[in-house]
J.: 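Dropping the structure in here first, questions after.
All residue numbers refer to positions in the sequence shown, counting from 1. Every heavy atom of this structure was used, including side-chain atoms; hydrogens, water molecules and symmetry mates were not.
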Amino acid sequence: QVQLVESGGGLVQAGGSLRLTCTASGRTFSGGGMGWFRQAPGKEREFVAAINWIAGNSYYADFVKGRFTISRVNTQNTLYLQMNNLKPEDTAVYYCAASLSALASRPDRYDFWGQGTQVTVSS
């Protein structure tokens, strides 16, 4: 099993920045990737960004491209999401997820999930 724990959420003003961290433990894997999703109250869980664990190729949702950066440190089993120029509509619970197979933007393609960390952006 893989356990994922997110941290780094908080309250910021619009235009501010946050850096989310996801630490993975348990069984290691290869050939898959990790990603970030977010969910606001009353909304569907939506894709934010993903990265191939080995190659480092990254993919982003259009609404965060140019503002958010996903990265990982393989030797530390750690995933990051640097969020800049935050907007009120970015307010949500952010989840780290791991996929044992091909990268995807659909939540049902991921196998393991963290408990989430709250990000709140005020006007």
Side-chain angles (χ1 to χ4, degrees):
Q1 297 293 320
V2 176
Q3 293 81 45
L4 305 174
V5 179
E6 304 97 333
S7 63
L11 173 64
V12 297
Q13 294 280 340
S17 298
L18 284 174
R19 190 188 194 190
L20 305 184
T21 299
C22 173
T23 300
S25 61
R27 181 177 296 180
T28 59
F29 60 91
S30 63
M34 298 184 69
W36 291 96
F37 291 77
R38 69 187 188 186
Q39 187 168 22
K43 302 291 183 65
E44 298 288 335
R45 187 167 298 190
E46 64 181 350
F47 171 76
V48 176
I51 189 167
N52 180 283
W53 193 248
I54 297 176
N57 311 73
S58 57
Y59 309 91
Y60 298 92
D62 288 341
F63 54 82
V64 302
K65 189 172 295 184
R67 298 190 297 127
F68 293 7
T69 302
I70 188 171
S71 62
R72 85 278 189 262
V73 180
N74 301 53
T75 56
Q76 297 181 355
N77 295 318
T78 302
L79 179 74
Y80 300 98
L81 183 68
Q82 178 66 48
M83 305 185 295
N84 298 324
N85 192 24
L86 284 161
K87 305 175 181 180
E89 53 263 43
D90 294 320
T91 296
V93 176
Y94 283 70
Y95 297 91
C96 173
S99 174
L100 300 179
S101 57
L103 287 177
S105 61
R106 292 176 55 177
D108 59 2
R109 297 294 190 267
Y110 286 78
D111 303 288
F112 305 98
W113 295 84
Q115 79 287 351
T117 184
Q118 177 71 48
V119 172
T120 302
V121 185
S122 62
S123 301

J.: Between W36 and I51, is any pair of side-chain heavy atoms under 4.5 Å apart?
T.: no
J.: If I take atom CE from residue M34 and atom CD1 from residue I70, how far apart are they, to the nearest 0.5 angstrom?
T.: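 The CE atom of M34 sits 8.0 Å away from the CD1 atom of I70.
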J.: Any chance you could measure M83, atom CE, to N85, atom CG, to the nearest 0.5 Å?
T.: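 Atom-to-atom, M83:CE and N85:CG are 12.0 Å apart.
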J.: Is it true that a side-chain atom of Y80 and a backbone atom of V73 form a donor plus acceptor pair closer than 3.5 Å?
T.: no
J.: Over all heavy atoms of both residues, which pair between A24 and L4 is shortest? Give the atoms and the distance, please.
T.: CB-CD2, 3.5 Å
J.: What is the minimum heavy-atom distance between F47 and S105, and which atoms define it?
T.: CB-O, 3.3 Å
J.: Could you tell me which non-hydrogen atom of Y110 sits nearest to which non-hydrogen atom of G33, and how far apart they are?
T.: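 Taking Y110 first and G33 second, the nearest heavy atoms are CE2-O, 4.5 Å.
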J.: Below 4.5 Å, heavy atoms only, C-beta onward: do E46 and F63 meet side chain to side chain?
T.: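 SC-SC contact between E46 and F63 confirmed.
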J.: Where do L79 and C96 come nearest, in terms of heavy atoms and distance?
T.: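 Where L79 meets C96 most closely, the heavy atoms are CD2-SG, 3.8 Å.
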J.: Within a 6.0 Å radius of atom CD on E44, are there more than 12 heavy atoms belonging to other residues, nucleotides or ligands?
T.: no
J.: Donor-acceptor pair, T78 side chain versus T23 backbone, under 3.5 Å?
T.: no
J.: If only atom types and distance count, is the side chain of R72 paired as donor or acceptor with the main-chain N or O of I54 below 3.5 Å?
T.: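 Pair found, side chain donor or acceptor close to backbone of I54.
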J.: Atom OH in Y94, atom CD in E6: separation rounded to 0.5 Å?
T.: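 The distance works out to 12.5 Å.
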J.: Is there a side-chain contact between D90 and R38 in this structure, where contact means two heavy atoms from C-beta onward sitting under 4.5 Å apart?
T.: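 Side-chain contact under 4.5 Å: yes.
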J.: Which atom pair, heavy atoms only, marks the closest approach of V121 to T91?
T.: N-OG1, 2.9 Å
J.: Please find the pair of heavy atoms, one from G114 and one from Y95, that lie closest to each other, and give the distance.
T.: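 Nearest heavy atoms, G114 then Y95: O-CD2, 3.5 Å.
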J.: Any chance you could lay out the side-chain contact (heavy atoms from CB on, under 4.5 Å) test for F37 and V93, step after step, and finish with the verdict?
T.: CA-CA 8 Å; F37 291 77; V93 176; over 6 Å; no
J.: Show me the donor-acceptor pairs within less than 3.5 Å that the side chains of residues 9-21 make with the rest of the protein, sequence neighbours left out.
T.:
from	atom 1	to	atom 2	distance (Å)
Q13	OE1	S122	OG	3.4
S17	OG	N84	OD1	2.9

J.: To the closest 0.5 Å, what do you measure between NZ (K65) and OH (Y59)?
T.: 11.0 Å
J.: Working to the nearest 0.5 Å, report the span between CG of L81 and OH of Y60.
T.: 8.0 Å
